[in-house]
Amino acid sequence: QVQLVESGGGLVQAGGSLRLSCAPSGRAFSSYAMGWFRQAPGKEREFVARITWSGGSVYYADSVKGRFTISRDNAQNTVFLQMSSLEPEDAAVYYCAATGGAGSGYKYWGQGTQVTVSS
């Protein structure tokens, strides 16, 4: 079965940095792109960033543009989210997700990793 596993969450001071990682476990699978989403208490899940496996094309939510960087290691089938200049509003559970083929939505999701930002 397909599983995605996030890691790297934790507690950081406002203005600090943190890097999240996401890698598949279990059976291998094919996808066009990987994305990061987050969900804060009392709020709906929101898109953060995504990257394509083939060309490394990136796209960010306006709220994180210039502060977060998504990247991938194709050989290791791993995607990263480098978060800098963290703000309290960035605190949330961060989820990794994978799409199916090109043009498809996100089909596979991880369990999430908690990011806490102290003021």
Side-chain angles (χ1 to χ4, degrees):
Q1 58 183 357
V2 175
Q3 290 184 299
L4 299 177
V5 181
E6 304 97 336
S7 63
L11 172 65
V12 297
Q13 286 271 346
S17 300
L18 200 63
R19 189 177 81 156
L20 307 182
S21 300
C22 173
S25 64
R27 290 290 186 180
F29 68 99
S30 298
S31 69
Y32 176 72
M34 299 284 284
W36 286 97
F37 294 75
R38 67 187 183 187
Q39 186 169 26
K43 300 191 67 176
E44 64 186 11
R45 184 174 296 184
E46 65 177 353
F47 167 80
V48 175
R50 78 106 169 93
I51 186 168
T52 61
W53 285 113
S54 180
S57 177
V58 300
Y59 183 77
Y60 299 95
D62 288 342
S63 60
V64 306
K65 195 173 301 180
R67 300 188 299 117
F68 290 13
T69 301
I70 188 171
S71 61
R72 83 278 193 266
D73 183 335
N74 294 63
Q76 298 295 321
N77 295 312
T78 303
V79 64
F80 307 94
L81 184 68
Q82 176 66 50
M83 305 182 293
S84 300
S85 300
L86 283 163
E87 306 167 358
E89 66 183 6
D90 294 315
V93 176
Y94 282 71
Y95 298 91
C96 175
T99 71
S104 69
Y106 292 94
K107 298 176 61 178
Y108 312 104
W109 296 81
Q111 292 293 113
T113 185
Q114 177 71 54
V115 172
T116 304
V117 184
S118 62
S119 60

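Side chains are part of it too, since the values below use all heavy atoms of this structure and drop only hydrogens, waters and symmetry mates. Given the structure is predicted, the values throughout are model-derived calculations rather than measurements.
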(request) Search all heavy atoms of Ser85 against all heavy atoms of Ser17 and return the closest pair with its distance. (result) N-OG, 4.4 Å
(request) Apply side-chain contact (heavy atoms from CB on, under 4.5 Å) to the pair Asp90 and Arg67, showing each step before the final yes or no. (result) CA-CA 11 Å; Asp90 294 315; Arg67 300 188 299 117; 2.7 Å; yes
(message) I'd like to know if the side chain of Thr99 reaches the main chain of Tyr32, judged simply by a donor and an acceptor atom lying under 3.5 Å from each other, with no hydrogens or angles considered.
(response) yes
(request) Taking all heavy atoms of Ala91 and all of Ala40, pick out the closest pair and write down the distance. (result) O-CB, 3.7 Å
(request) Measure the acute angle between the ring planes of Phe68 and Tyr94, then classify it against the limits of 30° and 60° as parallel, tilted or perpendicular. (result) tilted
(message) Could you see if Leu18 belongs to whatever hydrophobic cluster contains Ile51? Use Ile, Leu, Val, Met, Phe, Trp, Tyr and a side-chain cutoff under 4.5 Å.
(response) yes
(request) Kindly say whether Glu6 contributes a backbone atom to a donor-acceptor pair with the side chain of Thr113 at under 3.5 angstrom? (result) no
(message) Between Val48 and Tyr95, is there a side-chain heavy-atom distance shorter than 4.5 Å?
(response) no
(request) Please round to the nearest 0.5 Å and tell me the distance separating atom CZ of Arg19 and atom CG of Leu81. (result) 10.5 Å
(request) Measure from NZ or CZ of Arg45 to the centre of the six-membered ring of Phe37 and say whether it is under 6.0 Å with the direction within 45° of the ring axis. (result) no
(request) Hey, could you give me the CZ/SG distance between Arg72 and Cys22, rounded to the nearest 0.5 Å? (result) 14.5 Å
(request) Indicate yes or no: at least one non-hydrogen side-chain atom of Met34 is less than 4.5 angstrom from one of Leu4. (result) yes
(message) Would the distance check show the side chain of Gln111 and the main-chain N or O of Val5 forming a donor-acceptor pair, the cut-off being under 3.5 Å?
(response) no
(request) Check the hydrophobic clustering (I, L, V, M, F, W, Y; side-chain heavy atoms under 4.5 Å; chains of links allowed) and say if Val79 and Val58 are grouped together. (result) yes
(request) Group every Ile, Leu, Val, Met, Phe, Trp and Tyr by side-chain heavy-atom contacts under 4.5 Å, then state whether Trp53 and Tyr108 land in the same group. (result) yes
(message) Evaluate Tyr106 against Phe47 for side-chain contact (heavy atoms from CB on, under 4.5 Å), listing each step before the verdict.
(response) CA-CA 11 Å; Tyr106 292 94; Phe47 167 80; 4.2 Å; yes
(request) Keeping the roles fixed (side chain from Tyr60, backbone from Ile70), state whether a donor-acceptor pair exists under 3.5 Å. (result) yes
(message) Keeping Gln82 on the side-chain end and Thr69 on the backbone end, is there a donor-acceptor pair under 3.5 Å?
(response) no
(message) Going by side-chain contact (heavy atoms from CB on, under 4.5 Å), Arg38 matches just one of Val115, Val64, Val93. Which one?
(response) Val64
